[in-house]
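A, B, ... follow the sequence lines: proteins, then strands. Residue 1 opens every chain.
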Protein chains: 2
Amino acid sequence: MTKTSSQCPTKKEVLQSLHVSENDLQDSKAVVKAATCMPDDDVLIDLSEVFKVFGDSTRVKILSALSYNELCVNDISALLQMSQSAISHQLKVLRSAHLVTSRKDGKVAYYKLDDQHVESILAIGMQHVIEKGSK
Amino acid sequence: MTKTSSQCPTKKEVLQSLHVSENDLQDSKAVVKAATCMPDDDVLIDLSEVFKVFGDSTRVKILSALSYNELCVNDISALLQMSQSAISHQLKVLRSAHLVTSRKDGKVAYYKLDDQHVESILAIGMQHVIEKGSK
DNA sequence: AAAACATATGAATATATGATCATTTGAATA
DNA sequence: TATTCAAATGATCATATATTCATATGTTTT
């Protein structure tokens with residue numbers, strides 16, 4: 001069986017796909033390694049989309065609040081002292097990203113964190129903030 | 001010794017500070033718990049700022065690349081097939097957020113991840129993407 | 001010293017996005 | 001059934017931001 005380029009591209013193939021020659025680069029070995037090991041573009045784009053959802057103070061506050069208790073829209077609105085509409089819009093964003101789930105009890109919609117990852121991400125991010133400071 | 005309100009605010013005090021009365025809320029106990037336990041606003045804002053930096057595909061690609069190797073600006077530019085200027089601007093954002101550090105060797109500036117948190121955050125975010133899918 | 005090179009930076013622009021306001025949907029209750 | 005209430009949604013607007021283009025800075029080499 002012969003290795004195909006998609007399974008194990010040669011250095012030459014990698015550089016070609018990047019439209020560069022070896023002497024355009026300071027460290028072609030490092031570039032090839034990164035190019036070979038990095039996840040596909042679409043995966044990294046998805047990843048950035050997830051972080052983008054964490055990257056808003058209103059949404060982070062909602063997530064932080066939900067890490068202690070399930071809460072309904074009205075109560076989140078009161079807690080954060082923001083309009084019901086603003087909260088509802090952001091909850092939609094959080095739902096789309098699978099960061100929260102909701103259940104309905106009559107007219108009241110209760111939200112909670114979707115899974116354990118959410119808390120983990122918040123916790124590690126918090127560590128970074130504590131160690132490196134804000135700015 | 002008497003507890004002061006700043007050390008252990010009463011339920012009444014918490015609700016007052018939120019400008020709500022108990023019957024504005026579905027679950028006042030849950031709201032008070034969240035209000036009491038949540039980190040201060042400025043901490044959560046800082047946290048969201050960190051995630052905001054992760055929340056861009058170009059920056060995530062840079063961070064992913066740097067997780068395999070230290071790389072210089074030119075090589076990142078070639079790897080991502082983006083202009084030197086665009087990369088340099090984003091590296092500045094990453095530096096400001098303490099996600100990468102740089103060293104200079106002559107004219108060449110090499111960048112690497114600042115600390116272990118960066119990789120951890122990427123890894124957990126990736127888990128979420130894999131498990132929940134992109135959209 | 002001049003030229004070449006790697007990186008950084010400032011201004012400008014186009015796009016993305018968060019909050020508001022007005023309205024709608026859907027469920028409980030009078 | 002009409003009303004009230006919680007939540008969701010659509011349109012709009014103001015702000016934030018990522019890239020480009022032009023240029024500056026600083027270093028090495030000729």
- Starting at atom NZ of K104(A), determine the distance to atom P of dA6(D), rounded to an integer number of angstrom. 11 Å
- Atom CG of D24(B) and atom C1' of dT4(D): how far apart are they, to the nearest Å? 16 Å
- Task: Quick one: label Y110(B) by what it contacts on the DNA or RNA (base, sugar-phosphate, nothing), any heavy atom closer than 4.0 Å.
- Result: nothing
- Task: Could you label the plane-to-plane angle of the F51(A) and F54(B) rings as parallel, tilted or perpendicular, counting under 30° as parallel and over 60° as perpendicular?
- Result: tilted
- Task: State whether Y111(A) places a side-chain N or O below 4.0 Å from either non-bridging phosphate oxygen (OP1 or OP2) of dA8(D).
- Result: yes
- Between the side chain of Y68(B) and the main-chain N/O of C37(A), is any donor-acceptor distance below 3.5 Å? yes
- Please state how far atom CG in L91(A) lies from atom P in dA6(D), giving the value in whole angstrom units. 16 Å
- Any K104(A) side-chain heavy atom under 4.5 Å of Y110(A) side chain: no
- Rounded to whole Å, CD1 of I62(B) lies from P of dA18(D) at a distance of 11 Å
- Task: Could you state the atom-to-atom distance from CD of Q26(B) to C1' of dA6(D) in whole Å?
- Result: 8 Å
- Sequence neighbours left out, what passes side chain to side chain contact (heavy atoms under 4.5 Å, CB included) with D24(A)? Give chain and number order. V20(A), S21(A)
- Note on the structure: Hits for salt bridge (Lys or Arg N to Asp or Glu O under 4.0 Å) against K11(A), two or more places apart or cross-chain, chain-then-number order -> E22(A)
- Evaluate the side-chain proximity of E70(A) to D27(B): yes if any heavy-atom separation is below 4.5 Å, no if none is. no
- Classify every nucleotide of nucleotides 9-23 of chain C by which part a protein heavy atom approaches to under 4.0 Å, writing B for the base, S for the sugar-phosphate alone and - for neither, in 5'-to-3' order. BB------SSSBBB-
- Item | Atom pair distance, as rounded to whole Å: CD1 in I76(B) and C1' in dA6(C) | 13 Å
- Would you kindly give the CG-to-P distance between D75(B) and dC5(C), to the nearest whole Å? 16 Å
- To the nearest angstrom, the NZ-P distance between K107(B) and dT30(D) comes to 9 Å
